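Report on one structure; see the data block that follows.
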Protein chains: 2
Amino acid sequence: MSLKHALLGFLNYGLHTGYELKKVFDISVAHFWNAELSQIYPSLKALESEGLVDMNVEVQADRPNRKVYSITDDGRRELLEWLGTPAESDQVREPLLVKLFFGSSLPKRDLLAVLHKRADDLRGTVAKGQHGREAVRGVARVIGLEREGLFWELTMDAELKHSESALEWTEQAIRQIEAADDEAFNSHPADFATMDTKARVEILDKLKGAVAPAIHTPDQFE
Amino acid sequence: MSLKHALLGFLNYGLHTGYELKKVFDISVAHFWNAELSQIYPSLKALESEGLVDMNVEVQADRPNRKVYSITDDGRRELLEWLGTPAESDQVREPLLVKLFFGSSLPKRDLLAVLHKRADDLRGTVAKGQHGREAVRGVARVIGLEREGLFWELTMDAELKHSESALEWTEQAIRQIEAADDEAFNSHPADFATMDTKARVEILDKLKGAVAPAIHTPDQFE
DNA sequence: TCCAACATGTAACCGGTTACATGATTCA
DNA sequence: TGAATCATGTAACCGGTTACATGTTGGA
């Protein structure tokens with residue numbers, strides 16, 4: 001889990017309440033690590049009981065009391081260790097690719113509609129991303145964390161680049177599908193289905209041997 | 001959830017047992033939708049109780065009995081409807097970007113090590129992806145589902161393209177970080193931390209207004 | 001002899017989301 | 001008047017992973 005570590009990261013910048021941290025998440029890391037208040041509060045409590053953060057109640061007259069958290073030395077140590085450990089990628093879960101994978105079961109125009117919707121979404125993300133990227137360094141300057149600007153920009157770049165390449169792929173997929181033979185759609189694949197069980201199993205095993213080295217086995221991740 | 005729909009998708013190709021489906025997942029969609037047996041079995045049971053699949057027990061003398069599943073008309077209808085519905089992207093959760101975001105808290109060489117590790121992993125994925133892509137159409141032909149080859153290839157392309165662009169980004173990030181001023185690292189940001197609470201909150205709100213339109217709000221997903 | 005493959009499952013756990021609860025203040 | 005902001009949380013649920021359980025057969 002890196003929510004706890006992300007919280008430590010922000011607390012390393014200074015004191016914060018849970019409510020404030022939610023705001024900070026939303027304007028900075030939400031595109032690659034979202035967090036809900038209902039998860040932040042218990043996580044802070046857990047961090048406290050682990051001795052990685054301290055908490056002070058700040059009594060307020062007109063508003064609800066605030067619980068102000070700060071990072072401890074142990075917390076800082078834990079953060080640095082985590083930051084310096086290589087990160088495994090999370091399991092990819094991409095429903096769109098599942099849909100595309102079974103594209104032959106679907107009328108051509110339905111599949112194309114699904115892909116066009118994705119392309120539109122991505123165009124929106126790309127446009128926003130370009131705007132955001134320009135805003136970031138200024139933001140860092142305003143906030144008094146100028147040196148951090150580089151890193152924040154790089155995370156924006158990551159999203160932008162990803163969106164751009166995803167868009168390129170989508171557009172190319174659309175072109176290839178448009179060009180594809182109509183017979184490829186709405187098909188009811190017969191050969192494999194009517195094979196007897198043993199034959200199918202044999203084929204699967206043969207395939208497994210052939211494809212195995214090409215499969216990107218998604219190993220453990222934190 | 002699309003595990004159920006992925007199962008329906010494969011059952012639409014023909015009869016399968018849970019055990020077989022696991023194999024099929026591993027050699028085809030595992031890179032974008034992994035599934036464990038412990039999840040497949042209950043899902044099939046659920047699909048059955050929803051009337052989307054039928055089950056027949058095949059008694060075997062020398063081996064454990066097999067439960068052979070087949071898709072029903074209702075199941076086929078459900079599958080087609082799901083396939084034709086635009087897919088929202090899953091929430092992105094990228095620990096590496098979290099680490100990079102807090103890169104200024106870390107010694108330069110530690111951060112670079114983390115990124116080099118990622119770059120190496122990606123180079124491996126790209127190499128495998130290229131091999132795999134070439135194997136796919138052949139696989140489709142062997143299995144008797146030649147028309148499906150196009151779609152399978154496109155899903156391989158997606159992974160390959162994504163890996164390639166992620167690698168490009170990583171390499172560029174490494175270069176920028178190598179070129180960065182040493183003062184940007186191991187820093188203990190003081191200004192923001194020593195501000196009083198009210199001032200910080202004000203800044204956060206200002207930022208929210210400025211950055212909001214650039215933030216890609218990750219909405220609901222299925 | 002020991003491990004892999006075949007074949008099915010259950011149970012505990014885990015991180016995360018959604019919904020619900022409370023209650024004051026401020027602004028449109 | 002009614003919504004948004006401040007500020008904290010709990011509880012139910014959900015999809016997925018890990019670990020555990022069982023028992024046979026065939027090959028290294």
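Chain letters run A, B, ... following the sequence lines, proteins first, then strands; residues in each count from 1. What you are looking at is a predicted structure, and each value in this text was computed from that prediction instead of being measured.
- In this structure, the nucleotide among D/dA7, C/dT8, C/dG16 sitting nearest to the side chain of B/T17 is C/dT8.
- Between C/dG16, D/dG16, D/dA7, one nucleotide has an atom nearer to the side chain of A/R93 than all others, and that is D/dG16.
- Residue B/K23 places at least one side-chain N or O under 4.0 Å from the OP1 or OP2 atom of C/dC6.
- For the salt bridge (charged side-chain N to carboxylate O under 4.0 Å, His left out) test with A/K4, the passing option among A/E50, A/E48, A/E78 is A/E50; the others fail.
- In this structure, the NZ atom of B/K22 is 13 Å from the P atom of D/dG16, given to the nearest Å.
- Taking atom CG of residue B/L44 and atom C1' of nucleotide D/dG16, one finds them 16 Å apart after rounding to whole Å.
- Between A/A35 and A/D62, the residue anchored closer to the 5' end of DNA chain C is A/A35, taking for each the nucleotide with the nearest heavy atom.
- B/E88 has its CD atom 16 Å from the C1' atom of C/dT17, to the nearest Å.
- For the pair B/R66 and C/dA7, the criterion of a side-chain N or O lying under 4.0 Å from OP1 or OP2 is met.
- Donor-acceptor pairing under 3.5 Å is recorded for the side chains of B/N34 and B/E36.
- The distance between atom CG of A/D26 and atom C1' of D/dC6, rounded to the nearest whole Å, is 15 Å.
- Distance CG (B/L7) to C1' (D/dG15): 13 Å, rounded to an integer number of Å.
- Of the candidate nucleotides D/dG16, C/dT17, C/dG23, C/dG23 has the atom nearest to the side chain of A/P64.
- Between the CD atom of A/E20 and the C1' atom of D/dC6 there is a distance of 11 Å, given to the nearest Å.
- The interatomic distance linking B/R63 (CZ) with C/dA4 (P) rounds to 15 Å, in whole Å.
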Can you pull every protein N or O that's under 3.5 Å from an N or O on nucleotides 9-14 of chain C?
unit_1, atom_1, unit_2, atom_2, d
C/dG9, OP1, B/K67, NZ, 2.3

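- Aromatic ring pairs are classed by plane angle as parallel below 30°, tilted from 30° to 60° and perpendicular above 60°; the pair A/W152 and B/F101 is parallel.
- In this structure, A/Q60 does not reach the D/dC6 phosphate: none of its side-chain N or O atoms is under 4.0 Å from OP1 or OP2.
- If you measure from atom CG of B/N65 to atom C1' of D/dG23, you get 12 Å, rounded to the nearest angstrom.
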**Item:** Verdict with supporting geometry, A/E81 and A/R76, salt bridge (charged side-chain N to carboxylate O under 4.0 Å, His left out)
**Value:** CA-CA 9 Å; A/E81 206 204 295; A/R76 208 164 278 117; over 6 Å; no
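- Remark: side-chain polar atoms of A/R93 are not paired, donor with acceptor, to backbone N or O of B/Q91 under 3.5 angstrom.
- Ring geometry for B/H162 versus A/H162: interplanar angle over 60°, hence perpendicular rather than tilted (30 to 60°).
- Here the side chain of A/E36 is nearest to one of C/dT18, C/dG16, C/dT25, namely C/dT18.
- Note on A/R66 versus A/E20: salt bridge recorded, some NZ/NE/NH1/NH2 to OD/OE distance being below 4.0 Å.
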